[in-house]
Amino acid sequence: MKKILTITCHNVYNHGATLQQYALIENLKTWEYDVKSINYKPAYLSKRFKLWNIPEKYKSNVFLKVAYLGLKLPSRILDLKRKKNFDAFESQYLAVLPKLYETNKDLKNDLPDADVYICGSDQIWNSFFENGKDPAFYLNFAPDDKLKIAYAASFAIDELEEKVKPLVKKNVERLQAVSVRETSGLTILKDLGISNAVQVLDPVFLINEDVWKDKFVFPLDEKFIFVYDCDSNEQIKQIAQVAASENNFKIFTVDKNIKYADKNFFNEAPHFFLSLIYHSQFVLTNSFHALSFSIIFNKPHYVFNRTEKINTRMRDLMKLAGISELLLMKGEFRRINDVAIDFAKVNEKISNEVAKSKTFLRNALENKSNVT
């Protein structure tokens with residue numbers, strides 16, 4: 001049985017990151033591969049839920065350090081429940097190597113053995129963050145004679161800074177099969193002279209809706225709007241509150257800073273995230289994976305731009321699904337009752353893309369020269 005190791009932004013306590021990691025591993029397992037994920041936790045991804053973490057600007061002053069920790073410790077202690085629940089989910093559902101690696105050099109010095117190495121998915125190549133500048137996420141540690149594949153790697157931005165381009169070009173050219181999650185990713189690679197990449201769907205689409213539902217979704221009896229807002233967006237708040245009032249719905253969220261919600265499930269594991277989307281009457285979000293599961297579960301939704309420069313991934317997915325009109329511009333107000341989505345057409349488009357994505361991955365694993 002061929003042995004595969006995947007690498008992604010792992011154990012970052014984010015619903016979408018966790019579920020896409022699970023989905024890629026599970027899809028490969030259904031094809032009877034031996035699959036595990038590399039336990040890669042660089043320092044820049046390891047600060048979450050550290051009780052005593054202090055920003056550099058406060059470290060030189062003992063009074064500022066004490067004041068900072070005094071403000072942060074109470075909420076950090078409460079947040080440990082989220083860590084505990086996510087860790088339990090990982091222990092039960094994610095196949096992860098026990099050995100911890102913290103740098104690309106660590107991986108090179110003690111290479112975990114595999115026949116195939118896959119980097120992806122999620123924002124592993126987003127150079128707006130440190131992970132997009134980390135050679136490990138481009139499989140730099142994997143030997144030349146090993147099969148190396150990028151599956152649905154996301155830049156999440158429209159263009160690279162000049163200083164990052166040499167690193168990306170050098171490492172991506174070593175990969176035998178390259179796929180990205182957004183059409184904008186193809187453009188970025190073409191600008192670097194890499195023209196053999198293809199676009200595929202995020203791994204969460206590789207898992208059938210019924211599998212997600214049967215394995216993870218549990219009953220919820222209340223009627224509610226699900227808000228997944230990473231920016232505390234006033235536009236989302238206004239639309240959510242009007243919709244709740246007009247339709248007698250409650251507002252549920254998983255965002256720590258959303259104070260207007262009737263129920264907040266911030267500390268709960270990914271099961272809750274999936275159940276909230278599945279049972280919601282409407283989804284208001286600026287999260288890529290909340291959008292993805294709204295499509296998978298055929299839930300009406302509106303999408304809003306993020307304040308960070310990572311909106312490309314949502315725009316590209318909505319265009320592919322034929323629902324670009326559901327992206328609301330800044331200041332735009334629309335009622336949830338105005339939405340009429342033809343999910344039969346959406347499902348057909350997504351089904352075709354799932355087939356293409358699986359074909360790419362199967363061919364890549366067989367090391368075929370034409371992976372499309």
Side-chain angles (χ1 to χ4, degrees), residues 1-11 17-41 87-101 104 106-122 124 135-153 171-172 174-181 196-198 200-212 214-216 270 351 353-372:
M1 183 183 292
K2 189 175 286 187
K3 185 177 180 180
I4 300 174
L5 288 177
T6 68
I7 187 168
T8 190
C9 294
H10 157 70
N11 205 210
T18 301
L19 292 169
Q20 64 81 22
Q21 182 180 5
Y22 166 82
L24 181 57
I25 292 172
E26 284 303 302
N27 181 74
L28 292 168
K29 282 183 176 180
T30 64
W31 295 344
E32 298 186 348
Y33 290 104
D34 177 9
V35 192
K36 287 185 173 61
S37 190
I38 296 172
N39 189 7
Y40 184 60
K41 287 275 289 183
D87 287 346
F89 183 93
E90 176 185 312
S91 178
Q92 184 172 359
Y93 295 110
L94 298 184
V96 180
L97 293 179
K99 181 175 175 60
L100 174 66
Y101 297 89
N104 185 59
D106 288 347
L107 286 161
K108 283 188 171 184
N109 290 341
D110 187 13
L111 182 71
D113 182 58
D115 301 298
V116 184
Y117 297 89
I118 301 178
C119 56
S121 170
D122 216 15
I124 58 167
F137 286 119
Y138 299 87
L139 300 179
N140 176 272
F141 59 86
D144 290 337
D145 61 350
K146 293 287 188 175
L147 183 56
K148 298 174 289 297
I149 300 168
Y151 183 79
N171 285 286
V172 174
R174 293 183 67 242
L175 308 180
Q176 288 90 340
V178 181
S179 65
V180 291
R181 201 172 63 182
N196 63 333
V198 300
V200 295
L201 290 176
D202 187 273
V204 298
F205 289 98
L206 303 180
I207 303 293
N208 186 274
E209 175 198 355
D210 290 337
V211 175
W212 287 118
D214 293 344
K215 194 162 188 175
F216 296 114
S351 179
E353 295 301 322
V354 168
K356 292 178 185 177
S357 300
K358 289 187 175 183
T359 296
F360 164 83
L361 191 51
R362 276 189 175 277
N363 287 345
L365 288 166
E366 295 171 12
N367 202 16
K368 293 183 178 180
S369 58
N370 180 13
V371 295
T372 58

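No experiment lies behind these values; they were computed from the predicted model shown.
Distance check, rounded to the nearest 0.5 Å: CG of Asn363 to NZ of Lys358 gives 14.0 Å. To the nearest 0.5 Å, atom CG of residue Leu139 and atom NZ of residue Lys148 are 8.0 Å apart. Between atom NE2 of residue His10 and atom CG of residue Asp122 there is a gap of 13.5 Å, rounded to the nearest 0.5 Å. Expressed to the nearest 0.5 Å, how far OG of Ser121 lies from CG of Leu19 amounts to 12.0 Å.
Taking all atoms of both residues into account, the shortest heavy-atom contact from Pro203 to Leu24 is CB-N, 3.7 Å. For the pair Leu201 and Ser357, the tightest heavy-atom approach, listed with the atom from each and the gap, is N-OG, 2.9 Å. Between Tyr33 and Met1, the shortest heavy-atom distance links the atoms C-SD, 3.6 Å. When all heavy atoms are compared, the tightest approach of Lys29 to Val35 is CE-O, 4.0 Å. Taking all atoms of both residues into account, the shortest heavy-atom contact from Asn39 to Leu97 is CB-O, 3.2 Å. Leu147 and Leu365 get closest at one heavy-atom pair: CD2-O, 3.7 Å.
For Glu26 (side chain) and Ala23 (main-chain N/O), no donor-acceptor pair under 3.5 Å exists by modelled atom type. Ser179 contributes no side-chain N or O that, together with a main-chain N or O of Val198, makes up a donor-acceptor pair within less than 3.5 Å.
Aromatic rings of Phe205 and Trp212 (six-membered ring for Trp) have centroids beyond the 6.0 Å cut-off, not under it.
Side chains of Asn27 and Leu361 form a contact here, defined as non-hydrogen atoms less than 4.5 Å apart. Residues Asn11 and Asp87 form a side-chain contact, since some pair of their non-hydrogen atoms from C-beta on lies under 4.5 Å apart. At least one side-chain heavy atom of Leu100 sits under 4.5 Å from a side-chain heavy atom of Lys41. In this structure the side chain of Glu90 reaches within 4.5 angstrom of the side chain of Val96, judged on heavy atoms. Side-chain atoms of Pro270 and Tyr93, non-hydrogen and from C-beta on, never get closer than 4.5 Å to each other. Residues Cys119 and Thr8 fail the side-chain proximity criterion, which asks for heavy atoms closer than 4.5 Å. Put simply, the side chain of Ile4 does not reach to within 4.5 Å of the side chain of Asp115, judged on heavy atoms. Residues Lys3 and Val116 have side chains not in contact (no heavy-atom distance under 4.5 Å, counting atoms from C-beta outward).
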### Query
When you look at Cys9 and Tyr40, which way does the side chain to side chain contact (heavy atoms under 4.5 Å, CB included) test go after all the steps?
CA-CA 8 Å; Cys9 294; Tyr40 184 60; over 6 Å; no
#### Entry: Thr30 vs Leu28, side chain to side chain contact (heavy atoms under 4.5 Å, CB included): CA-CA, chis, key distance, verdict
CA-CA 5 Å; Thr30 64; Leu28 292 168; over 6 Å; no
### Task
Using the side chain to side chain contact (heavy atoms under 4.5 Å, CB included) rule, take Thr18 and Leu94 through it: C-alpha gap first, then chi angles, then the decisive distance, then the call.
CA-CA 9 Å; Thr18 301; Leu94 298 184; 4.2 Å; yes
#### Entry: side chain to side chain contact (heavy atoms under 4.5 Å, CB included) evaluation trace for Leu107 with Ile38
CA-CA 9 Å; Leu107 286 161; Ile38 296 172; 3.8 Å; yes
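Within the structure, every pair that satisfies the side-chain hydrogen bond (donor to acceptor under 3.5 Å, both in side chains) test and touches residues 136-146, not counting sequence neighbours, is listed here: Asn104-Asn140, Lys108-Asn140, Asn140-Asn171, Asp144-Arg174.
Comment: Asp202 engages Arg181 in a salt bridge, judged by a side-chain N to carboxylate O separation of less than 4.0 angstrom. Note on Lys2 versus Asp34: no salt bridge recorded, every NZ/NE/NH1/NH2 to OD/OE distance being 4.0 Å or above.
The aromatic rings of Phe360 and Tyr151 sit tilted relative to each other, their planes meeting at an angle between 30° and 60°. Under the 30°/60° scheme for interplanar angles, the aromatic rings of Tyr22 and Phe89 are found to stand perpendicular.
Looking only at atom types and distance, the side chain of Gln21 has a donor-acceptor partner in the side chain of Ser37 under 3.5 Å away.
Under the rule for a ring pair (Phe, Tyr, Trp, His ring centres under 6.0 Å), the partners of Tyr117 that lie at least two apart in sequence or sit in another chain are Phe141.
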